[in-house]
Amino acid sequence: MNKQITFCTLLLLLSIGALCKRATAQPCKEVIGYYPSWQWYDRAKLVSPTSIDYSKYSIINYAFLYPLSDGTITITDPWADKNLLLGDINWQVAPAGYDTGYDLGDPAYHLPNTSIVYHAHQNNVKIMISLGGWTLSNDFPGIAADAGKRTNFAHWCNELVRIYDIDGIDIDWEYPGYAPHNGTASDMVNYTLLLQEVRDSLNAIEPVVGKPLMLTAAFGAAPDRMDDIEWNNMVQLLDYINLMSYDFFGAFSPETNHNAPLFAPAQGDTTFNLNSAVSRLINTYNVPADMINAGIAFYGRSAKTTGVAGLHVATTGAADVVTFAADDGSPQYYNILQNMPLFNYNWDNNAEVPYLTGQGQLQTFVSYDDEQSIALKAEYVVNHNLAGVIIWEITGDYLETAPGSGVIAGTPLADTLNAVLCQISTGIPEEEQPLLQLYPNPANNEIQINLPQQWLGAEVHLYNALGEQVAVSRYRQQPMDVQMLPPGIYLLEVRMQDKSIQGRFLKTN
């Protein structure tokens with residue numbers, strides 16, 4: 001291996017977590033990753049309690065459990081929830097039909113040391129249960145409005161801690177005051193009362209469970225969602241404010257725009273972006289910056305267009321559920337990469353996010369985040385002294401060595417977050433770093449390298465996942481032939497004098 005690139009540097013750049021662990025066991029800021037129970041089934045259970053790379057996160061939020069109308073909390077998928085939260089079912093002792101009941105389960109019926117909670121704790125990662133979500137929030141208004149139901153809800157939060165040994169509760173009420181989900185003007189005050197009840201109950205059992213318990217909540221990032229919250233009370237009751245700074249635009253919008261812009265796009269609502277939402281929380285509502293976790297999307301949103309695909313053009317009101325059938329038109333990052341050959345890559349300098357436009361007759365627009373935009377958002381978190389980030393959701397970032405291989409190649413988006421949040425330097429002054437584009441990514445036959453003109457003639461070094469140099473060439477603005485390379489993730493490093501820049505790409509079959 002070329003001695004100019006060290007093994008640990010290669011790991012950082014190549015994002016192969018299985019090769020070794022970063023020197024820092026946990027992220028330098030909060031990296032809270034949501035793990036939805038239904039994604040356990042995806043890709044033949046590729047992302048499971050045993051395969052999650054816990055070193056990438058500080059907290060795992062397990063999503064979602066269901067608050068019923070009387071305040072009782074129940075699971076939503078008896079098979080997934082019981083196996084994931086309590087571990088593999090021990091059928092030698094579990095009664096018949098145990099896997100179909102919506103009770104919270106009994107640890108005595110499960111094999112020890114097999115749950116997501118156990119594996120998270122073994123890796124010094126906290127794990128919380130998130131309640132509600134978009135489809136399970138209809139009963140929150142009624143619970144919050146009734147003193148008896150609030151007490152019952154808080155009791156069941158304690159039961160979750162007792163049964164599952166979790167580290168706290170995350171409330172994902174979408175959204176207080178939101179009429180389509182039974183919201184009313186009274187939700188503003190009632191939400192404070194509900195959270196106060198939960199906070200008091202968690203405080204009461206901390207001596208019993210022998211550890212501090214966290215209470216966090218997820219909030220909508222649009223101004224009308226923020227206006228329905230008593231922020232001065234939230235600051236007193238919660239450990240963190242989890243800002244859902246995504247889903248700003250989508251197929252539901254009249255014109256194509258970005259799912260999760262960092263800054264305001266050239267057109268569209270100027271408040272629909274991360275910067276505006278954070279600024280509003282800090283400057284209007286006096287929320288401390290170090291309580292805010294910025295929302296990071298590991299998925300994208302597609303929209304069919306009425307004409308040629310582009311940014312700020314008319315949509316049909318429908319997502320592309322054909323190209324992205326596996327994700328119902330809201331593709332996860334790995335699925336976006338797999339379909340890259342169908343699209344043209346674009347970058348919006350205003351919003352500082354990428355987007356894709358369909359080639360040929362494909363009238364599809366895709367908004368998503370890649371490593372470059374994720375790095376910019378992580379820099380924003382650092383520069384504005386925010387607490388960290390939340391990720392919806394972690395499984396979309398787990399790439400396979402080849403589609404369907406069942407072998408995890410890396411987590412490039414989470415790796416990028418960690419590198420920037422920990423301020424790991426590439427050694428190149430920021431103002432001198434060129435924009436390296438590699439496409440199509442994943443690649444099959446060839447990979448195109450895009451760099452500024454002054455990099456012509458620079459050395460191009462290619463390394464495989466083991467850190468072995470497999471090719472050396474010169475940058476000539478011509479595609480590199482990769483047809484003969486085995487499938488996997490590759491590091492491409494371009495060197496010119498005392499400067500270098502690196503990128504990754506996935507080679508498919």
Side-chain angles (χ1 to χ4, degrees), residues 13-17 39 42-44 46-47 53 56 246 258-260 296-302 309 319-347 353-359 362 364-375 391-417 435-450 462 464-465 479-480 482-483 485-492 502-509:
L13 300 171
L14 195 56
S15 306
I16 305 298
Q39 294 292 8
D42 194 34
R43 293 186 283 174
L46 178 74
V47 187
D53 186 347
K56 303 297 191 296
Y246 33 70
H258 303 294
N259 176 50
I296 304 294
F298 281 9
Y299 68 98
R301 285 194 171 274
S302 69
D320 186 344
V321 295
V322 176
T323 305
F324 301 111
D327 301 314
D328 295 323
S330 296
Q332 297 197 77
Y333 183 59
Y334 78 87
N335 200 8
I336 293 171
L337 292 181
Q338 291 175 14
N339 285 280
M340 277 285 192
L342 302 176
F343 294 91
N344 295 316
Y345 175 91
N346 307 270
W347 179 264
V353 286
Y355 62 95
L356 305 177
T357 51
Q359 296 180 1
L362 183 60
T364 297
F365 171 89
V366 180
S367 170
Y368 73 110
D369 275 276
D370 61 9
E371 292 171 66
Q372 182 180 351
S373 63
I374 292 291
I391 299 166
W392 184 267
E393 43 84 6
I394 67 171
T395 71
D397 182 40
Y398 282 74
L399 305 187
E400 295 176 273
T401 54
S405 70
V407 179
I408 295 173
T411 53
L413 299 185
D415 290 354
T416 300
L417 276 176
L435 172 63
L436 172 64
Q437 294 180 338
L438 300 175
Y439 60 88
N441 191 358
N444 188 0
N445 297 320
E446 60 185 24
I447 186 86
Q448 177 68 51
I449 306 168
N450 246 19
L462 189 62
N464 64 19
M480 174 183 288
V482 296
Q483 186 173 4
L485 293 176
I489 284 186
Y490 289 83
L491 168 73
L492 190 147
Q502 300 85 15
R504 291 183 297 273
F505 67 90
L506 178 65
K507 169 64 169 63
T508 59
N509 292 338

Judged by atom type as modelled, is there a donor-acceptor pair below 3.5 Å linking the side chain of [X] to the main-chain atoms of [Y]?
X: Asn259; Y: Gly300; answer: no
X: Glu400; Y: Gly406; answer: yes
X: Ser373; Y: Asp369; answer: no
X: Asn450; Y: Gln448; answer: no
X: Gln359; Y: Phe343; answer: yes
X: Gln483; Y: Asn445; answer: no

What's the spacing between [X] [atom1] and [Y] [atom2] if we round to 0.5 Å?
X: Leu438; Y: Ile449; atom1: CG; atom2: CD1; value: 6.5 Å
X: Phe298; Y: Leu413; atom1: CZ; atom2: CG; value: 4.5 Å
X: Leu362; Y: Thr323; atom1: CG; atom2: OG1; value: 5.0 Å

**OP:** Check step by step if side chain to side chain contact (heavy atoms under 4.5 Å, CB included) holds for Leu399 and Leu337.
**Re:** CA-CA 9 Å; Leu399 305 187; Leu337 292 181; 3.8 Å; yes

Looking at side-chain heavy atoms only, is the closest gap between [X] and [Y] below 4.5 Å?
X: Gln372; Y: Thr416; result: no
X: Asp370; Y: Val353; result: no
X: Tyr334; Y: Thr395; result: no
X: Lys56; Y: Asp415; result: yes
X: Pro479; Y: Ile447; result: no
X: Tyr299; Y: Pro331; result: no
X: Glu446; Y: Met480; result: no
X: Gln332; Y: Asp397; result: no

Subject >> Trace of the side chain to side chain contact (heavy atoms under 4.5 Å, CB included) decision for Ile391 with Leu417 >> reply: CA-CA 10 Å; Ile391 299 166; Leu417 276 176; 3.8 Å; yes

Original post:
What heavy-atom pair brings Gly329 and Val321 nearest, and what distance separates the two atoms?
Top reply: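 In terms of heavy atoms, the two residues are closest at N-CG1, 4.1 Å.
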
Within the 3.5 Å criterion, strictly below it, is a donor on [X] or [Y] matched to an acceptor on the partner's side chain?
X: Asn335; Y: Tyr368; answer: no
X: Thr364; Y: Asp320; answer: yes
X: Thr357; Y: Asn346; answer: yes

**OP:** Establish, for the pair Arg301 and Tyr246, whether the NZ or CZ atom is under 6.0 angstrom from the six-membered ring centre and no further than 45 degrees off its axis.
**Re:**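 Because its charged atom misses either the 6.0 Å distance or the 45° angle limit, Arg301 does not stack over Tyr246.
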
Original post:
Checking side chain to side chain contact (heavy atoms under 4.5 Å, CB included) for the pair Val47/Asp42: CA distance, chi angles, key distance, verdict?
Top reply: CA-CA 8 Å; Val47 187; Asp42 194 34; over 6 Å; no

Subject >> Mutual orientation of the aromatic rings belonging to Tyr490 and Phe505 [parallel < 30°, tilted 30-60°, perpendicular > 60°] >> reply: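 Aromatic pair Tyr490/Phe505 classed parallel.
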
Original post:
Would you say the ring centroid of Phe365 lies under 6.0 angstrom from that of Tyr355?
Top reply: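 Phe365 vs Tyr355: aromatic centres under 6.0 Å.
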
